[in-house]
Amino acid sequence: MADLETFRSETRTWLEANCPEEMRQPVRDEEDVYWGGRNAKFKSEAQKSWFEACVAKGYTVPAWPKAYGGAGLEPAEAKILREEMARINARPPLSSFGIWMLGPALLKFGTEEQKVHYLGEIARGEIRWCQGYSEPGSGSDLVSMQTFGEDKGDHWVVNGQKIWTSYADEADWIFCLVRTDKADKYQGITFMLFDMATPGVSTKPILLISGNSPFCETFFDDVKVPKEQHVGEINRGWDVAKYLLGHEREMISGAGGGDRTSAIGVAMLRQAAKEGGDLDPMLRAELAMFDIDALAYGAMGEKFLDEIKVGKAHPAQPNMMKYVGTELNKRRHELMMSAGGSRSLEWDSEETSGGKPSRGWLRTKANSIEGGTSEVMLNVIAKRILDLPGA
Amino acid sequence: MADLETFRSETRTWLEANCPEEMRQPVRDEEDVYWGGRNAKFKSEAQKSWFEACVAKGYTVPAWPKAYGGAGLEPAEAKILREEMARINARPPLSSFGIWMLGPALLKFGTEEQKVHYLGEIARGEIRWCQGYSEPGSGSDLVSMQTFGEDKGDHWVVNGQKIWTSYADEADWIFCLVRTDKADKYQGITFMLFDMATPGVSTKPILLISGNSPFCETFFDDVKVPKEQHVGEINRGWDVAKYLLGHEREMISGAGGGDRTSAIGVAMLRQAAKEGGDLDPMLRAELAMFDIDALAYGAMGEKFLDEIKVGKAHPAQPNMMKYVGTELNKRRHELMMSAGGSRSLEWDSEETSGGKPSRGWLRTKANSIEGGTSEVMLNVIAKRILDLPGA
Amino acid sequence: MPLYYDDDQTMLADSASQFMAEEGAIKTQLRHWRDTGCKDGFGHELWKQFGEMGFTGILVSEDDGGLGMGHVEAGIVLEEIGRNLTPSPFLTSSVLAATALGRASDDLRGRYLPGLLTGESVFAVAIDEGAKHRPERIATRAEKSGNGFKLSGKKDFVIHGASADMIIVAARTSGSDDDAEGVTLFAVPRDAAGLSQDAVKLVDSSIATHMVLDGVELDGGAVIGEVDGGREILERMLNAGRIGAAAEGVGVARGAMDMTVDYLKQRKQFGKLIGEFQALQHRAAHLYSEVEISRAAVIKAQQLLDADAPSAALMVSVAKAKVGQTAGLAVREGVQMHGGIGMTDEYDIGLYMKRDRALQEFLGDVYYHAERVAQISGY
Amino acid sequence: MPLYYDDDQTMLADSASQFMAEEGAIKTQLRHWRDTGCKDGFGHELWKQFGEMGFTGILVSEDDGGLGMGHVEAGIVLEEIGRNLTPSPFLTSSVLAATALGRASDDLRGRYLPGLLTGESVFAVAIDEGAKHRPERIATRAEKSGNGFKLSGKKDFVIHGASADMIIVAARTSGSDDDAEGVTLFAVPRDAAGLSQDAVKLVDSSIATHMVLDGVELDGGAVIGEVDGGREILERMLNAGRIGAAAEGVGVARGAMDMTVDYLKQRKQFGKLIGEFQALQHRAAHLYSEVEISRAAVIKAQQLLDADAPSAALMVSVAKAKVGQTAGLAVREGVQMHGGIGMTDEYDIGLYMKRDRALQEFLGDVYYHAERVAQISGY
């Protein structure tokens, strides 16, 4: 315990010295996020210096081993770092699907060589990754995917199409599910890694209802992928994918706290007061009912993380967290839109920073679709937790 | 129109002369209801004289033809009678499954002889009927019923068991679904009528969670039923049953108005005020949301009845009405319990007339089960109205 | 009066349905004006066609050259507008403004109604002051000035304000902000000196304005009804607009539901049509029920308004709130059941979600009308 | 502190679970006392067994002979009580009264705690005045009388009041009914002159009383804590009772859910187990999620109470409200999914529905605590 207190005070001192004032404010828009990668540009000196200080310290990926670019922090230390960063509102130095998605998969399934190579690149923000899972005909039924890699001895030739590849148009590399055996649905998929600059890869952004285009359609036309570029065994990529899906669901659920688990009633009252108004009594009642659910879910998130740490959580529990967390977040934004009234309807006004409330509200509608729909989550809970008979 | 106005004033005069003051009060408990039948006893002189006046006028079944004991009223006239009775809070002179259930089936499927005989008995309150549909293994899946009638030439010998037979222990006759052909699921059921005094018929009341026992289990042990005692063709009883189910759903839905479609907010405020209290702001909000749904459903009930009259309602619409009406009624009683607070929890106190709030609340839980569960209603809407593919 | 359409109403529904599906379709109207960045957010040609069809004058008396019909008929047109997301100034001009102008002087009626009937003119109403609908509180002041008035204040959420030839403004001629009495309605020409508007595009691609009245001078003839006696006309106008918005909301809900039910019959996952999954069937069936009930509530309220029944105000709020909940459910279920593609701009279901949101807010949302239901009911 | 049970707590949960399933089962306790028309509604023998197990003293300090544990531990016992619908005076005696007595004089502790520990004594609390929980308003008066007090007023919903050896009564020693200050708690012996109780059976077969205090004379030693300073102890006691009721509610919800999920795996209709129907699967999965979350909220609130954290009051109300909604859902889904037999007295699911209803109401229902969440949060 004494060690942890020392760690806390050292961390506080380090943050004080290394996190510029400008980096101690909530992220306001996409511009404020640093994604890294070959073509990355820093938005400001402060962003750059904060990023570089973190890379040097291993704090872009604090819990990863030092050998792979991390700081090798124990869970308790990592928690303290999170708390101390939250205390001063420090922005994440680096956002990356490499950190959130590929990293955990490599840590579990990668070879030592892969870990040193790819994890290091990720930790240093050198390569920006995207994820190739869904296909137009394979949404909830992911395993029905068709993108095919033909075996050519020392390489595959990949043909097919992916959809919902986040920022594929800005990514350097992709981790991608490719069918390598048409005869076996589950054990015929390989988890491949390849460069988006490989000839035959093309992307097309998808315009969303929010007016943004964070996702792409990604096309593979005779793309050559060297045989060594896969994670886990050949034809056993579904195991990696399933593991990552669980991880993704946990992430989307917002179980880690933050916005998605917090009450909003008081903030809505303040906002109404700023416009010179008050809360409708009926809206106030809805906000209270929401806050109850949000605070209870916050407790569940804490409990879930505590249980995961000691292996007490049911392996299918991330599905429950994802289901509830995303439904809750949609409801949160519905209520925020109601509380915001006609002002929140504005699509590109300066007062709304370019329609932040309405675009944010629309964005949340994807929460219960991406990473497994709410319906799929409920199916999984029914079967794997409640052990209800197969339909 | 002038005729209708004349009818209204005549009706008013007749009611004034024939409906005793004591019969112009809401029904308070089961005692206040007159069910007729061989063993019926009147609770009071007033109940008797009101019943007899109605029988003489054909007003126990005002819309049935005069030949069958009714008053032969046109729909518009029947509506006026209902309105005028409601105006003075007149109690129904006779309650009877013969009127509500068997009567409509006989009017549609019965022979002339059956109509004259059975409808007349019903109209005059001579025979009390009960319904034998469900069996322990056949609830939602009614057509899987097993009670079997063996063909013995001029009669059947019926063996089996029914459940949820309302007031079977007090009924004189039963209308009952009996399998007469094991080879054909749908076209192997006969709609039979027989005397509950027939040897081999026995009943056992079912104690409900409300503490009441309006239903029985009914057992048939070699019960002899003469061959002429069936409605519709032999083996075509399912048509009669389906018709009656539609009718029953309409009835349970509360589409005809009354309690089930009315707002409750103001009544709850008054009740709270009587206890010296006020409505919780949050409960008030829930009451408002409920009142919105109740008043909207009331409009739908009106629309539905208007459309039925001119044949514009979708034939599956009673299922929708039943689904929404019963769910709404359950919610109403939940809110009434909340508004009533600890007082409404009392099970047999004088102040609650023997636990009326709590027993009434528990009773409503059957609404969405009896006459077809909410789940079955939703299945039917999905298939027959929305034309969704069969699962 | 039975709660289904009579023969004339059925005919009107048929022609409105056909007209809106052909002329008011999403692709040619909403998407077209949105994607070309139209400053009005709707097409004036289509608006004139509304005039040719007679729709513009449904609530205008026959004496004034209109059809002299009622809210049921206006609702028929609005439901089809909702189904097709047809952008037009019908609700603000032919429902809200027309209702107020029906109580206006011969002079005002003569000045404004002919243009409305032909679809040459567009009208707007300026009620809200702030981000929420609170018409009980009116702070905009109209002070006596010569034989006229001078208006000062701010208004928000003035739909079509920038496109309107005339805007009906609710202002206070006496009393304090929260008084029921002392309100007067004014017909303010678009080019009135001191009137400025700041147009903003809304989530549904309609255009609203924030309006500033900086000593706008009007002569006495601009008063609609009596000075200080505007509350009754305002209530009448608001109720007409609310039930109109509710009728349009029913159309939005039906449009979203129909599109979604169709999709359930086409999309396959796990080797089945997704419409075969019982969980989705039950949700669709529940939605259907809610839509039918909402529609009944709207027609009931329209009939009560047309009959000038005392219970009309209650039922209008019931209907606006009920439709708000139902249409919200319809678009949420719509997007969710469409899955990923429901999130794309390419598919129309998201447009229903956007329109619903703006319509929910207009003239009072679910919460506002729930409060009103409680208050009118006496609790 | 992690939000799962440590080893000691797990051991306690195991023994409470086994004890309640064996000794506190529905058939031998709830149904037995109900069907024999017991005037207490629970069995004194079982209550003494609670004492032997040490449960009665969980919240009693070690100095006073108890286990000196916290609300997490009390909740462990209560959750098992809820699962088995075990009738007992645990909540009123070992949670509510024990919490208040913990702040009482040596004399009062010495007089009452030994009997509690052995399960010889039963305690009740008299808070509500009227049909709803409104502890902010206390009209019962305690006037100075000699070196003691004279209490007059009415109390309702005094659970186990008629069976209690001592009842803790909240009364006003100064100020007006709605004042926060001026409240004093009294330990009133059952046989105090002027105290009368009218026992009523409730829907869950528990027995409560309407109590009249007609000049009940008590000496100064009956005061718990300080005169006029009872509000803080009252709050502490209420929060202990609320989170206790919430923990029991989680047990009720889990019991009802488990029974229902089992039934889904047994009952066939349309040639399938009903648990194969996706619509029911989704509803069961949703219910599971709500139960888990409610349980997390309860444990969180218990830990905060045990740590005497300032945010405990908020989280207690969150938990009580959340559990109220979840347990309500669990019993409604339970009865509905059981179909017709769920309506019969023969099956236990209806007993869960009845117990839930009484527990919901006790110490504030969903609406009361939602209001409290808003107020504590500052809106």
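Each chain gets a letter, A, B and so on, in the order the sequences are listed, and its residues count up from 1.
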- Pair count under 4.5 Å, heavy atoms only, with chain D: among A:Arg270, A:Gln317, A:Met268, highest is A:Gln317
- Nearest non-hydrogen partners of D:Ala370 and A:Met289, listed with the distance: CB-CE, 4.0 Å
- Message: Is it the case that over 12 heavy atoms from other parts of the model lie below 6.0 angstrom from the CG atom of D:Asp178?
- Response: yes
- Residue part contacting chain D, namely of A:Ile385, when any heavy atom lies under 4.5 Å: side chain
- Query: Is there side-chain contact between D:His286 and A:Met377, with heavy atoms separated by less than 4.5 Å?
  - Reply: no
- Output the distance between atom OH (D:Tyr4) and atom CD (A:Glu302), rounded to the nearest 0.5 Å. 12.0 Å
- Item | Contacts of type side-chain hydrogen bond (donor to acceptor under 3.5 Å, both in side chains), residue D:Lys132, not counting sequence neighbours | D:Glu361, D:Asp365
- Member of D:Leu273, D:Leu264, D:Ile274 meeting the side chain to side chain contact (heavy atoms under 4.5 Å, CB included) criterion with A:Pro389: D:Leu273
- Query: Looking only at heavy atoms, which of residues 295-322 of chain D get nearer than 4.5 Å to chain A?
  - Reply: D:Arg295, D:Ala296, D:Ala297, D:Ile299, D:Lys300, D:Leu314, D:Met315, D:Val318, D:Ala321, D:Lys322
- Item | Portion of A:Asp387 that has a non-hydrogen atom of chain D nearer than 4.5 angstrom | both
- Query: Between D:Gln281 and A:Lys383, what is the shortest heavy-atom contact and its length?
  - Reply: OE1-CE, 3.9 Å
- Item | D:His369 and A:Ile292: CA distance, side-chain angles, deciding distance, side chain to side chain contact (heavy atoms under 4.5 Å, CB included) verdict | CA-CA 9 Å; D:His369 287 288; A:Ile292 288 164; 5.9 Å; no
Listing, residues 305-316 of chain A side-chain donor-acceptor contacts under 3.5 Å, not counting sequence neighbours, or none:
from: A:Asp306; atom 1: OD2; to: D:Leu3; atom 2: N; distance (Å): 2.8
from: A:Glu307; atom 1: OE2; to: A:Lys303; atom 2: NZ; distance (Å): 3.2
from: A:His314; atom 1: ND1; to: A:Ala316; atom 2: N; distance (Å): 2.9
from: A:His314; atom 1: NE2; to: A:Arg384; atom 2: O; distance (Å): 3.3

- Task: Nearest 0.5 Å please: distance from the OH atom of D:Tyr379 over to the CD1 atom of A:Ile264.
- Result: 8.0 Å
- Message: Which one wins on heavy-atom pair count under 4.5 Å against chain A: D:Ser377, D:Ala285, D:Gly378, D:Pro2?
- Response: D:Ala285
- Message: Within this structure, what is the CE-CD distance for the pair A:Met320 and D:Glu290, rounded to the nearest 0.5 Å?
- Response: 9.0 Å
- Note on the structure: Distance col, row D:Ser289:OG vs A:Ile381:CD1, nearest 0.5 angstrom, shows 4.0 Å
- So which part of A:Val324 gets closer than 4.5 Å to some heavy atom of chain D, the side chain, the backbone, both or neither? side chain
- Query: Checking heavy atoms, do the side chain of A:Leu269, its backbone, both or neither come under 4.5 Å from chain D?
  - Reply: side chain
- Is it the backbone or the side chain of A:Glu327 that comes under 4.5 Å from a heavy atom of chain D, or both, or neither? neither
- Task: Give me the contact list for residues 323-342 of chain D versus chain A, heavy atoms only, anything under 4.5 Å, ordered by residue number.
- Result: D:Gln325
- Step through the shown structure and confirm whether more than 12 heavy atoms of other residues, nucleotides or ligands are within 6.0 Å of OH on D:Tyr347. no
- Message: Less than 4.5 Å to any heavy atom of chain A: does that hold for the side chain of D:Val373, its backbone, both, or neither?
- Response: side chain
- Query: By a 4.5 Å heavy-atom criterion (distance strictly below it), what part of A:Asn379 contacts chain D: side chain, backbone, both, or neither?
  - Reply: both
- Message: How long is the straight-line distance from CG of D:Leu287 back to CG of A:Leu386, given to the nearest 0.5 Å?
- Response: 8.5 Å
